[in-house]
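Start at 1 and go down the list; that is how both ligands and their atoms are numbered.
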Amino acid sequence: MRESIRTLLGDITQIRADAIVNAANPSLLGGGGVDGAIHRRAGPALLAECRTLHGCKTGSAKITKGYSLPAKYVLHTPGPVWHGGGHGEEAMLASCYRSCLELALSHDCRTVAFPSISTGVYRFPLDRAAPIAVGAVRGFLASHPAAFDEILFVCFDEKTKHAYDMALDHR
Ligand code: AR6
């Protein structure tokens, strides 16, 4: 089956995917934004499991169960904080997407939903982040044909969805 990449306007905590991605911070101990929303919906057992992971490096990813979320797993990845673009931010952002897909693959996940990593509190410019996200996912799928059924970009607002739709339109 050929895998597909789609955008969706909505709340990632409602998505019934094999895995949803959390735009976390290196402590993996929760925060605001999508991280806060995921922890609220998953319940305190998620934080308890996160405490056993001893953090995660920027650009890497760690996996937990989804607990009360509709998703089976959560892939936690700390994105880069934007410091102007000269500190390896773009490479780290691409690495977040690849690390998550690598983990998803090793846990037999067929559907994975991503939020727009780093474009909130971490201030990564959306018009730069979207093509990096799409490019990293496309690159991974090209080297792992038929590994996934669907990859979703779950966008929390219209502006974000527009940026990802534009990035998907440009090959
Ligand atoms: N579903 C989908 N996307 C969402 C949701 C949701 N429920 N809530 C927010 N977004 P951010 P970052 C969007 O700030 O920039 C946390 O405190 C949001 O509109 O959540 O990677 C962590 O602990 C934006 O488009 O993540 C870290 O400290 C996107 O998700 C820090 O924030 C990312 O915004 C990470 O910052």
Side-chain angles (χ1 to χ4, degrees), residues 5-44 46-51 53-64 66-85 87-101 103-104 111-134 136-137 150-168:
I5 309 178
R6 275 201 307 134
T7 64
L8 196 81
L9 187 65
D11 176 353
I12 203 165
T13 68
Q14 312 279 343
I15 302 291
R16 190 172 296 281
D18 292 328
I20 63 167
V21 172
N22 182 15
N25 62 62
S27 78
L28 299 186
L29 298 178
V34 69
D35 194 3
I38 286 173
H39 275 274
R40 273 193 301 280
R41 178 85 197 262
L46 177 61
L47 182 59
E49 185 175 357
C50 283
R51 285 191 199 285
L53 300 177
H54 307 295
C56 182
K57 278 194 255 170
T58 299
S60 298
K62 290 193 177 177
I63 191 165
T64 65
Y67 299 98
S68 299
L69 289 159
K72 186 171 178 202
Y73 295 109
V74 181
L75 307 169
H76 305 262
T77 185
V81 178
W82 181 258
H83 289 297
H87 298 80
E89 293 97 326
E90 298 196 337
M92 279 189 277
L93 186 64
S95 173
C96 288
Y97 287 89
R98 283 194 302 269
S99 300
C100 287
L101 291 175
L103 257 186
T111 54
V112 180
F114 285 95
S116 179
I117 299 166
S118 282
T119 66
V121 173
Y122 281 177
R123 306 182 316 271
F124 203 117
L126 181 60
D127 60 333
R128 290 193 185 211
I132 291 167
V134 168
V137 170
E150 188 163 65
I151 307 298
L152 283 175
F153 288 111
V154 182
C155 305
F156 206 47
D157 52 41
E158 287 285 0
K159 186 179 60 154
T160 301
K161 183 169 184 300
H162 180 71
Y164 282 78
D165 283 337
M166 293 275 288
L168 279 170

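- Considering backbone and side-chain N/O of Tyr122, one or more are found under 3.5 Å from N/O of ligand 1.
- Considering backbone and side-chain atoms together, Ser116 places no N or O closer than 3.5 Å to any N or O of ligand 1.
- Contact of the Phe156 side chain with the Asp11 side chain is registered, since non-hydrogen atoms from C-beta on lie closer than 4.5 Å.
- Looking at ligand 1, you'll find an N or O of Gly120 within less than 3.5 Å of one of its N or O atoms.
- For ligand 1, the polar-atom distance check finds no N/O of Arg123 at less than 3.5 Å from any of the ligand's N/O atoms.
- By the 4.0 Å heavy-atom criterion, Gly79 is excluded from the residues contacting ligand 1.
- Considering only heavy atoms from C-beta on, Phe153 stays 4.5 Å or farther from Thr160 through its side chain.
- When Thr160, Ile117, Asp35 are checked for heavy-atom proximity to atom 23 (O) of ligand 1, Asp35 turns out nearest.
- Checked against a 3.5 angstrom limit, the closest N/O atoms of Val34 and ligand 1 fall inside it.
- Taking all atoms of both residues into account, the shortest heavy-atom contact from Ala129 to Thr119 is CB-CG2, 3.4 Å.
- Residues Pro115 and Val21 are in side-chain contact: their nearest non-hydrogen atoms beyond the backbone lie under 4.5 Å apart.
- Each of Asp35, Asn22, Asn25 was evaluated against His76; a single residue qualifies, Asn22, per the side-chain hydrogen bond (donor to acceptor under 3.5 Å, both in side chains) test.
- For atom 7 (N) of ligand 1, the closest non-hydrogen atom of the protein is Asp11 OD1, 2.8 Å.
- In terms of polar-atom proximity, Ala23 is not counted as a contact of ligand 1, lacking any N or O under 3.5 Å from an N or O of the ligand.
- Using a 4.5 Å cut-off on side-chain heavy atoms (C-beta onward), Ile15 and Leu8 make contact.
- For the pair Ser118/Glu89, no side-chain contact is recorded, criterion being any heavy-atom separation below 4.5 Å from C-beta on.
- Residue, atom and distance of the protein heavy atom nearest to atom 25 (O) of ligand 1 are Thr119 OG1, 3.5 Å.
- Two residues are said to be in side-chain contact when any heavy atoms from C-beta on lie closer than 4.5 Å; Val112 and Asp18 fail this criterion.
- Contacts of Ala24 with ligand 1, taken as heavy-atom pairs under 4.0 Å, involve the backbone alone.
- Contact annotation: the side chain of Phe114 never approaches that of Thr77 to less than 4.5 Å [non-hydrogen atoms, C-beta and beyond].
- Taking all heavy atoms of Asn22, Ile38, Ile15, Ile12 into account, the minimum distance to atom 2 (C) of ligand 1 is reached by Ile12.
- The shortest N or O to N or O distance between Pro115 and ligand 1 is not below 3.5 Å.
- Using a 4.5 Å heavy-atom cutoff, the side chains of Thr64 and Leu28 are not in contact.
- Ligand 1 has an N or O atom lying under 3.5 Å from an N or O atom of Ser118, backbone or side chain.
- Taking atom 14 (O) of ligand 1 as the reference point, the nearest protein heavy-atom neighbour is Val121 N, 2.8 Å.
- Under a 4.0 Å criterion applied to the non-hydrogen atoms of Gly31, ligand 1 contributes the atoms 17 (O), 23 (O).
- Which of Gly32, Ala163, Gly33 comes nearest to atom 16 (C) of ligand 1 through a heavy atom is settled by distance: it is Gly32.
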